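A short write-up of the structure that comes next.
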Number of protein chains: 2
Amino acid sequence: MRFKALDLNLLVALDVLLDEQSVTRAAERLNVSQPAMSAALSRLREYFGEPLFVLHGKRMIPTAAALRMQLPLKELLQDVDVLVTETTHFDPATSDRRFRIATSDFLLAVVFPALAQRLHKIAPGITMDCIQPSELTTQLMDQGELDLFITPEQQVSPDHPAELLFEERYVVVGWAGNPMFSGGKITEEDFFRAGHVVVEIGRQARTSFAETHLRTSNQERRIEMKVSSFLIAPEMVVNTMKLTVMHQRLARLFANRLEIAIAEVPFDFPAMREMIQYHQTRVNDTGLRWLIDEIKQLG
Amino acid sequence: MRFKALDLNLLVALDVLLDEQSVTRAAERLNVSQPAMSAALSRLREYFGEPLFVLHGKRMIPTAAALRMQLPLKELLQDVDVLVTETTHFDPATSDRRFRIATSDFLLAVVFPALAQRLHKIAPGITMDCIQPSELTTQLMDQGELDLFITPEQQVSPDHPAELLFEERYVVVGWAGNPMFSGGKITEEDFFRAGHVVVEIGRQARTSFAETHLRTSNQERRIEMKVSSFLIAPEMVVNTMKLTVMHQRLARLFANRLEIAIAEVPFDFPAMREMIQYHQTRVNDTGLRWLIDEIKQLG
DNA sequence: CAAATCCAGTGCTTTGAAACGCATCGCTAA
DNA sequence: TTAGCGATGCGTTTCAAAGCACTGGATTTG
């Protein structure tokens, strides 16, 4: 029952070895002991009649033959993944699948609590790994290391399918005691006179959708504070005269907890289109489809 | 050390099951007992949460999900094959590889005995499966079921690399007692007056290179006999006035055994270009390269 | 209609590959 | 020198998978 006398499972060992270039770390990643991993490597060596890795100082240097396999092997395992997850019958109630999702803390705050609650009921076995989007996200997506990428339309990768999750309007948020908000709305003049709190994520100064848009407008604002999370910004305006522009849903969420006032943006401001994106090869992944639809229902 | 909790070796079982649509036959093909195969199937079922095959009378009917996997799975295993044989270090002295070769009995007779002899010395573990070329050969090649296809230039598949093995001239062969050959050569007039033995292989009347060429010439011959093997034709001319056009090397081989005379074709006749062809994905297969070079040396 | 066949699935036992823990050795780099 | 890492040895353990014998359903045959 072997394929050409090769235990195909050894290929996953080889893949991880090529990634880690270390027997010990590969062993850790696969949850086996170091000797077990070493044995797997020696089986691979025997099969291929090739050292595959040579010890050089503390590093395991892959041989040319091993390196040649790296990419095709990754693709191969990716293909297996696709083949297998596509046909695996997905039953939310019993599945113990782990989804890896890249999403902003804005979404984490406004839709994921409800999602978690719902999944707890209808899919208790399912777990989610949420990571912050960064410059590497698209790369992760390409490698199939990511199941879902939820992001404003501007950031979607052109190589993968994307669907509209929802449209989100922006509002101006300030302290409830700020006289600017006395009429229930604020003026454009007030807006640009006030100090602002803006959100910038990551070292690369990935500005949020709202920021990007505001900067392209010709008016100048005084940015008094930059924070790295959408969830912090509203905290910063309380008891000050500062303003911040944020997602309407998030503002409403905080309205219950903080002494904040909400007003419409006093000039034309586009809505943000939040997209949900998945790997191109996962079109037929029923489990993923299910999750997307769940998220959409809550979006 | 598993890939997503799946024993990858089960995929080969699934592949064979899809091919055979029978647990028993699949078991035979993989040299395991029928219950072992049945157990493998049930493991697959459990993993996919899918029946995969349903028993209907005596047949195992694959479900839609199983059918969807058939092709991708085949391709996948083909990829594994390529990946693995490319990097497997090939040592003729110890290799026990089996090569599958499609070639005419002409070549079998003139180069393979010497090849077999040589391999016996330098590569005792290697075995060769030689099959007759037919309409299905190209298909076999496409599916990667064939390592080498040796054939006249006219029959090579455009989809795969082909290299020139040798050029082969044709000669006229007749009985040694045939007066036509008295001068060491025969005349064009004699040639067309005589009765001929021609070779046609397969039911589809796949004519040999020489036949195809002769037919396009405007002169008529009297075909007194058709045989299905290049090796039989010379036998048929002995003690008769019949002629046959055949490969020079083969004629020389038979000259030692039969009472035959050899003469040049008494008119312009092109040489045949014998090509050796292998699957496009096997360009880097060192073992195959080695065998090709061995054959070329003897060609 | 009964008998014979065929074939997938099941229960039980056996086995063997591989993992583990632990120790050790040899090597290299800091 | 010390620390880190890979390979190796050894006895133990484990558990998946194989084999064998059998069941039961369905089809074909006499």
Side-chain angles (χ1 to χ4, degrees), chain A residues 1-67 70 80 84 96, chain B residues 1-63 65-67 70 84 89:
Chain A
M1 204 101 126
R2 290 275 178 89
F3 182 81
K4 307 213 162 193
L6 169 67
D7 178 356
L8 292 186
N9 297 315
L10 285 176
L11 291 181
V12 342
L14 179 58
D15 177 51
V16 177
L17 277 167
L18 279 163
D19 270 6
E20 302 289 345
Q21 308 207 346
S22 151
V23 174
T24 306
R25 263 173 297 152
E28 280 164 10
R29 216 169 103 181
L30 289 176
N31 293 312
V32 295
S33 68
Q34 176 265 321
M37 198 69 211
S38 180
L41 175 54
S42 77
R43 265 171 274 148
L44 281 161
R45 281 172 169 156
E46 189 190 0
Y47 181 84
F48 287 111
E50 246 281 328
L52 295 174
F53 293 87
V54 285
L55 190 54
H56 189 251
K58 288 195 171 184
R59 297 208 64 73
M60 291 291 273
I61 310 289
T63 65
L67 274 176
Q70 187 162 26
V80 174
V84 152
D96 63 344
Chain B
M1 204 102 127
R2 288 275 178 90
F3 182 82
K4 307 212 162 192
L6 168 66
D7 178 356
L8 293 185
N9 297 314
L10 284 177
L11 291 181
V12 342
L14 179 58
D15 177 51
V16 178
L17 277 167
L18 279 163
D19 270 6
E20 302 289 344
Q21 308 206 346
S22 152
V23 174
T24 305
R25 262 171 297 154
E28 281 165 8
R29 218 169 101 181
L30 289 177
N31 294 310
V32 294
S33 68
Q34 176 269 317
M37 198 70 210
S38 180
L41 175 55
S42 77
R43 265 171 276 147
L44 281 162
R45 281 172 170 157
E46 188 190 0
Y47 182 84
F48 288 111
E50 245 283 327
L52 296 173
F53 293 87
V54 285
L55 189 55
H56 190 252
K58 287 194 172 184
R59 297 205 64 73
M60 289 293 271
I61 310 289
T63 65
L67 275 177
Q70 187 162 26
V84 153
H89 176 252

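Model, not experiment: these values are computed from the prediction.
- Here B:Arg45 reaches the OP1 or OP2 of C:dG9: one of its side-chain N or O atoms lies under 4.0 Å away.
- Minimum atom distance to the side chain of A:Gln34 is reached by D:dA7, of the listed D:dG19, C:dA18, D:dA7.
- Here the closest non-hydrogen pair linking B:Ala27 and B:Gln34 is CB-CA, 3.8 Å.
- Side-chain N/O atoms of B:Arg43 include none lying less than 4.0 angstrom from OP1 or OP2 on D:dC15.
- Protein atom CG of A:Asn31 is 14 Å distant from nucleotide atom C1' of C:dC20, rounded to whole Å.
- Atom pair B:Leu17:CG and C:dA8:C1' shows a separation of 11 Å (rounding to whole Å applied).
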Practice prompt. Mind running side chain to side chain contact (heavy atoms under 4.5 Å, CB included) on B:Leu17 and B:Phe53 for me, showing each step along the way?
Written response: CA-CA 9 Å; B:Leu17 277 167; B:Phe53 293 87; 3.8 Å; yes
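- Contacts of A:Ser42 with the nucleic acid, taken as non-hydrogen atoms under 4.0 Å apart, are absent.
- Counting only heavy atoms from C-beta on, A:Val23 has its side chain closest to D:dA7 among D:dA7, C:dT10, C:dA8.
- For A:Ala36, the side-chain atoms get nearest to C:dA19 when compared with the rest of C:dA19, C:dA18, C:dA8.
- For A:Ser38, whose side chain is taken as the heavy atoms from C-beta onward, the closest listed nucleotide among D:dA17, C:dG9, D:dT8 is D:dT8.
- Over its length, the helix from C:dC1-D:dG30 to C:dA30-D:dT1 turns its helix axis by 30°, as judged from the five terminal pairs at each end, rounded to 10°.
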Response to the item:
Heavy-atom contacts, protein to nucleotides 25-30 of chain C, under 4.0 Å, summarised as B (base), S (sugar-phosphate only) or - (none) per nt, yield ---SS-
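- Atom CG in A:Leu8 sits roughly 16 Å away from atom C1' in C:dA17 (whole-Å rounding).
- Atom CE of B:Met37 is separated from atom P of C:dA8 by 10 Å (rounded to the nearest Å).
- Separating the CG atom of B:Asn9 from the P atom of D:dC15 is a distance of 20 Å, rounded to the nearest angstrom.
- Listed nucleotides D:dA21, C:dA18, C:dC22 differ in distance to A:Asp7; the shortest reach to its side chain belongs to C:dA18.
- The nearest whole Å value for the distance from the CG atom in B:Leu30 to the P atom in D:dA17 is 14 Å.
- Between B:Thr63 and B:Pro51, the shortest heavy-atom contact is CG2-CG, 4.2 Å.
- Between the CD atom of B:Glu28 and the OG atom of B:Ser22 there is a distance of 7.5 Å, given to the nearest 0.5 Å.
- When all heavy atoms are compared, the tightest approach of A:Val12 to B:Leu8 is CG1-CD1, 3.8 Å.
- As rounded to whole Å, 14 Å separates atom C1' of D:dA16 from atom CG of B:Leu44.
- In terms of heavy-atom proximity, B:Ala13 sits nearest to B:Ala40 at CB-CB, 4.3 Å.
- Closest approach of B:Val84 to A:Phe48, counting heavy atoms only: O-CE2, 3.8 Å.
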Item to complete: Evaluate the side chain to side chain contact (heavy atoms under 4.5 Å, CB included) criterion for residues A:Glu50 and A:Leu44: first the C-alpha distance (whole Å), next the side-chain angles of each, then the deciding distance (0.1 Å), finally the verdict.
Response: CA-CA 8 Å; A:Glu50 246 281 328; A:Leu44 281 161; over 6 Å; no
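- Side-chain proximity of A:Ser33 to the nucleotides C:dC20, D:dC20, C:dA8 is greatest for C:dC20.
- A:Gln21 places its CD atom 17 Å from the C1' atom of D:dG4, with the value rounded to the nearest Å.
- Taking OG1 of B:Thr24 as the start and CE of B:Met60 as the end, the distance is 9.0 Å to the nearest 0.5 Å.
- Counting only distance, with no hydrogens or angles, the side chain of A:Arg25 and the backbone of A:Val16 share no donor-acceptor pair below 3.5 Å.
- Among the nucleotides D:dA7, D:dG19, C:dG9, the one closest to any side-chain atom of B:Met60 is C:dG9.
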